[in-house]
Protein chains: 2
Amino acid sequence: MTSKKLKAADHPTPVSRRQHKADAKAAAHSPTKPRPLTRIQKEKQDIILEAALEVFSVHGFRGATIDQIAEVAGMSKPNLLYYFPKKEEIHRRLIAALLDTWLAPLREMDENGDPFSEIRSYIRRKLEMARDFPRESRLFANEMLQGAPRISEMIEVDLKGLVDEKARLLMGWMDEGKIARTDPYHLIFSIWATTQHYADFDVQVRAVLGPGRNGEGRFEDAARTLEQLYLHGLTPRNR
Amino acid sequence: MTSKKLKAADHPTPVSRRQHKADAKAAAHSPTKPRPLTRIQKEKQDIILEAALEVFSVHGFRGATIDQIAEVAGMSKPNLLYYFPKKEEIHRRLIAALLDTWLAPLREMDENGDPFSEIRSYIRRKLEMARDFPRESRLFANEMLQGAPRISEMIEVDLKGLVDEKARLLMGWMDEGKIARTDPYHLIFSIWATTQHYADFDVQVRAVLGPGRNGEGRFEDAARTLEQLYLHGLTPRNR
DNA sequence: AGAAATTTTGACCAGTTGGAAAAATGTTAG
DNA sequence: CTAACATTTTTCCAACTGGTCAAAATTTCT
């Protein structure tokens with residue numbers, strides 16, 4: 001999943017160049033090459049980001065160390081710092097890339113589809129993401145727990161905007177009597193919560209379910225339970 | 001190391017005394033006072049634990065520093081270490097105290113009550129805990145995200161035991177046709193997830209709801225939404 | 001009050017952390 | 001082959017980390 005060809009970069013332009021504060025004004029309008037990024041550099045960056053995801057998602061930003069990330073990435077710390085001069089930068093990159101894919105399932109909720117199957121599909125997709133990208137989920141959770149200091153802007157704009165839009169969509173369905181009337185925002189929260197739970201609280205889920213019920217069927221059981229929940233709640237069918 | 005001569009220190013009973021491994025056997029049957037804990041000591045410990053909760057809940061174990069905790073507690077680092085010689089010990093105390101109160105709501109679910117009102121009460125109580133003790137919730141979440149390295153035993157025994165018991169209770173209600181049939185474990189997970197979400201992802205919830213809908217009514221809206229969800233799901237009433 | 005115990009402080013330490021500098025080692029185009 | 005650039009390694013550092021210790025300040029007990 002890391003292989004990308006991309007167009008051939010004409011010139012290297014490392015990533016480190018200490019242009020930290022020296023060229024603050026120079027960068028403002030200098031027409032110099034905006035660092036094209038060679039294929040090799042992209043690869044290494046991907047390796048680093050992959051390792052960083054592994055570490056950040058478990059320990060959070062403060063708790064993770066560059067040494068740890070470097071070790072997981074299989075390179076020396078200074079070498080890693082050559083590609084990402086700042087710890088923060090690695091984290092920012094991860095979060096930015098994450099948020100985009102993270103919201104994709106919600107974006108796909110289609111106003112022209114059948115309400116129930118749209119919602120069911122959304123839950124499915126979110127559940128699949130929790131299963132297939134648990135580290136991303138935990139990275140996100142970690143950031144939230146800390147008060148989202150590094151991404152407050154993103155969630156206040158991109159995320160809020162998308163949720164507002166989909167909340168309107170849900171409201172429309174409610175107005176048409178196609179789904180029960182509830183607060184669409186809290187409905188979305190509940191979907192987020194129930195699905196991401198399986199990634200973020202994985203240890204707990206495993207521990208409680210015990211060794212017997214922990215195979216691949218775990219997610220199927222979860223999907224069924226959530227489907228029943230969102231479809232009928234706990235009301236028995238025969239009443 | 002840790003040479004302990006001490007002049008006339010027969011039984012000062014501070015809290016620090018490095019009795020880590022030195023008096024393993026001595027403590028076994030020595031009739032000396034088993035650290036009575038003066039009122040003042042208890043007070044200071046509480047201040048420290050309160051401060052530690054504040055810091056640990058945001059940054060996790062690794063990300064939190066003793067200096068930070070000491071500052072929040074309003075005392076010097078060595079002074080803090082006089083009461084809790086180890087960082088880990090503070091954390092362990094917090095977690096131990098937490099887990100007990102955290103599971104209380106589930107314990108209260110009564111098999112003799114009406115299924116629906118029992119479940120509704122449980123959700124209410126959990127939601128109230130998320131509202132009134134968000135730091136505890138985040139501390140717990142942080143520990144889970146990290147794989148629960150420090151409390152695996154507790155969740156594998158106490159927590160699993162309790163959930164097993166309540167799952168049986170729920171199954172009983174299902175057998176009697178009083179509530180719809182679903183996987184009781186995943187049902188409990190969903191309740192945990194939806195309620196704790198409001199503590200753990202507080203920033204996100206606030207950001208999405210915007211300034212208008214963020215007052216005290218927030219939790220009321222959540223409660224109503226969850227009640228609707230667990231009672232009827234999204235099925236419209238008129239069908 | 002005065003002795004004894006408890007609590008607090010300041011100085012200090014060894015190990016870790018994020019990061020800088022520069023030298024050493026590739027790699028590649030001419 | 002070699003200049004010019006890209007990458008990696010070595011060395012180093014100042015700030016921070018969890019923690020120690022003895023002395024000083026304070027409280028407690030008689």
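Below, read A as the first sequence line, B as the second, and so on, with proteins coming before strands; counting in each chain starts at 1. Just so we're clear, the structure is a prediction, and the values are computed from it rather than from any experiment.
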Between [N] atom [atom2] and [X] atom [atom1], what is the distance in whole Å?
X: A:Leu80; N: D:dT9; atom1: CG; atom2: P; answer: 12 Å
X: B:Ile48; N: C:dT7; atom1: CD1; atom2: P; answer: 11 Å
X: B:Ile69; N: D:dC16; atom1: CD1; atom2: P; answer: 17 Å
X: A:Met75; N: C:dG26; atom1: CE; atom2: P; answer: 17 Å
X: A:Lys44; N: C:dG26; atom1: NZ; atom2: P; answer: 13 Å

Are [X] and [N] close enough that a side-chain N or O sits under 4.0 Å from OP1 or OP2?
X: A:Asn79; N: D:dT7; answer: no
X: B:Gln41; N: C:dT7; answer: yes
X: A:Tyr83; N: D:dT8; answer: yes
X: A:Tyr82; N: C:dA20; answer: no
X: B:Ser76; N: C:dT9; answer: yes

Would you mind writing out the side-chain donor-acceptor pairs for residues 201-209 of chain B within the sub-3.5 Å range, not counting sequence neighbours?
unit_1, atom_1, unit_2, atom_2, d
B:Asp202, OD1, B:Arg206, NE, 3.4
B:Asp202, OD1, B:Arg218, NH1, 3.4
B:Asp202, OD1, B:Arg218, NH2, 3.3
B:Asp202, OD2, B:Arg206, NE, 2.7

Are A:Leu94 and A:Leu98 close enough that some pair of their side-chain heavy atoms sits under 4.5 Å apart?
->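 Answer no - side chains too far apart.
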How does protein contact run along nucleotides 11-18 of chain C, one letter per nucleotide 5' to 3', with B for base contact, S for sugar-phosphate only, - for none, heavy atoms under 4.0 Å?
-> B-----SB
With a 4.0 Å cut-off, would you call A:Arg131 and A:Glu216 a salt bridge?
->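 Looking at A:Arg131 and A:Glu216, the cut-off is met.
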Partners of A:Asp164 by side-chain hydrogen bond (donor to acceptor under 3.5 Å, both in side chains), sequence neighbours excluded?
->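 Only A:Lys160, A:Tyr185 meet the side-chain hydrogen bond (donor to acceptor under 3.5 Å, both in side chains) criterion with A:Asp164.
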Indicate yes or no for a side-chain donor-acceptor contact from A:Lys166 to the backbone of A:Met109 under 3.5 Å, with no hydrogens or angles considered.
-> yes
Ignoring hydrogens and angles, state whether a donor on the side chain of A:Arg93 or A:Gln45 is under 3.5 Å from an acceptor on the partner side chain.
-> yes
